[in-house]
Protein chains: 2
Amino acid sequence: MHRDNYKAKLDASQYKLTGQRATVLEVMIRNRGKHLSAEEVLQQARLLRPNIGIATVYRTLEKLASLEILYKGMFDSGKYRYELADDREHHHHHVVCVNCGSITEIKDDLLCELEKNIEKQGFRIVDHDLKFFGYCPNCTKS
Amino acid sequence: MHRDNYKAKLDASQYKLTGQRATVLEVMIRNRGKHLSAEEVLQQARLLRPNIGIATVYRTLEKLASLEILYKGMFDSGKYRYELADDREHHHHHVVCVNCGSITEIKDDLLCELEKNIEKQGFRIVDHDLKFFGYCPNCTKS
DNA sequence: GTTGCTGCAAAGTATTTGCACCGAT
DNA sequence: ATCGGTGCAAATACTTTGCAGCAAC
C-alpha cells in the first residue's frame, strides 16, 4: 500500500494529520516488515524531527493502532512492538528466534478450520495470534 | 499430576524447597487451570503465609518457570501470567474473551503440520503460542 | 477564542535488584 | 561460619497522564 493511502485513512478519521503523526507514519512505512518498539520509533522519528517526544510517539502509535493502520503486539518480553497492519493482513504468523531474537514472518492460513471448531463450542472468534519459537535458519547453522 | 511430583521436581533441582517456594507452588496447584498474575499469586500466598514478599513471589515464579514446572505467558496486556505447565502440555490453546477477559483453554493439535512447513524453510521450531480473541459463550449471549 | 496536539515532567505499573538479615547445614 | 534464600525498599523499564503552551481553524 502506498503511503498516501495511510495518510488518507488517517485524514478521514477523527484525528488530524499533524507533522508528528506523519513522521511516525513515515517511520513505520520506511520500516515495513519490521516490528519496532516505541523507543525504536522515537529514535528514527528524531532523525526526521529532532524534538518529537516519546509521549507523542506513544499517543500516535496508539491512535494508528486503533485505526487499524498499525498492528500492536507483544512478542518477546515486556514491551509492545508495532508494524504496518496490512503487512499482516490475512494471515501471516511470526517465528521468533530464541537465539538471536529475530522475528520472521510466515505466510499460511490453516487456522480457519480450528476457529470453526472453537465456534462450535459457543465462542465467537474475531482474531488470533500465533507465534512460533525456535531457531532461525541463520542460528540453526551454528 | 500430584503435588508431590512438583515438589520432587523442585527438590531434584539446584534450588531448595523452602517454605515460601512450597507456598507459591501450593497456590499454583490450588488454582490449576487458572492463569494468575504475580500480584494474584502474592495475595493468595499471603493467606497461607502472611509476610511473604512480592520479590520472593517473582523470584519463585521465575525459578519454577525455568524448571518448566510453570508456564509463563503474556495474554492480554502488560503483565505476565503463570499456570502449571503440565496443564498445557501438548497442545492446548487459549481463547481470550475481548469482552470479559476470561481465558478458556481449547484442546487441539493441528499445528504440527504447520511447523513442518516452517522447518522446510530452514527453521527449527521448539515451541509455539496460539491465542484466539473473541467472545466467550457467556458474552456471546448478550 | 476554542479545540485539539505537543513536549516535558511526573506518575503509574510491572518487574528486578541491592542489601542486611535469617536459617539450615 | 558459610551460603543460599528472604523481605524490604530502591531502582528500573515501559507506558500513561497532567498540564501549560502552541497551532489551526
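These numbers come from the heavy atoms of this one structure, side chains and all, not from hydrogens, waters or symmetry mates. Every chain is numbered from 1, with letters handed out A, B, ... down the list of sequences.
Residues A:Lys63 and A:Ser66 come closest through the heavy atom pair O-OG, 2.8 Å. Smallest separation of non-hydrogen atoms from B:Tyr80 and A:Gly78: OH-N, 3.1 Å. Closest of all the heavy-atom pairs between A:Met74 and A:Lys79 is SD-O, 3.2 Å. Closest approach of B:Gly53 and B:Leu42 over heavy atoms only: C-CD1, 3.9 Å.
A donor-acceptor contact closer than 3.5 angstrom is absent between the side chains of B:Ser37 and B:Arg81.
Across residues 36-57 of chain B, B:Asn51, B:Ile52, B:Gly53, B:Ala55, B:Thr56 each have a non-hydrogen atom less than 4.0 Å from an atom of DNA chain D (numbered order).
Protein atom OH of B:Tyr58 is 17 Å distant from nucleotide atom P of D:dT12, rounded to whole Å. Note: NZ (B:Lys63) to C1' (D:dG5) measures 8 Å, nearest angstrom. Separating the NZ atom of A:Lys79 from the P atom of D:dT12 is a distance of 16 Å, rounded to the nearest angstrom. Rounded to whole angstrom, the span from the CZ atom of A:Arg59 across to the P atom of D:dT17 amounts to 10 Å. When the C1' atom of D:dT15 is taken as reference, atom CD of A:Glu62 falls 10 Å away, rounded to whole Å.
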Which pairs, protein N/O on one side and nucleotides 20-25 of chain D N/O on the other, fall under 3.5 Å?
none

Original post:
Does the side chain to side chain contact (heavy atoms under 4.5 Å, CB included) test come out yes or no for B:Gln20 and B:Arg49, once each step is laid out?
Top reply: CA-CA 8 Å; B:Gln20 285 85 338; B:Arg49 178 180 290 265; 3.9 Å; yes

**OP:** Step by step, work out the side chain to side chain contact (heavy atoms under 4.5 Å, CB included) result for B:Glu62 and B:Leu67.
**Re:** CA-CA 9 Å; B:Glu62 201 55 45; B:Leu67 294 172; over 6 Å; no

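A cation-pi geometry, defined here as NZ or CZ lying under 6.0 Å from the six-membered ring centre and within 45° of its normal, does not hold between A:Lys72 and A:Tyr82.
Of the candidates A:Glu40, A:Gln44, A:Glu26, A:Asn31 forms a side-chain hydrogen bond (donor to acceptor under 3.5 Å, both in side chains) with just one, namely A:Gln44.
Remark: side-chain polar atoms of B:Thr56 are not paired, donor with acceptor, to backbone N or O of B:Ile52 under 3.5 angstrom. Not a single donor-acceptor pair under 3.5 Å links the side chain of B:Arg21 to the backbone N or O of B:Thr60.
In the 5' to 3' direction, nucleotides of DNA chain C lying under 4.0 Å from heavy atoms of chain B begin and end at C:dA14 to C:dG18.
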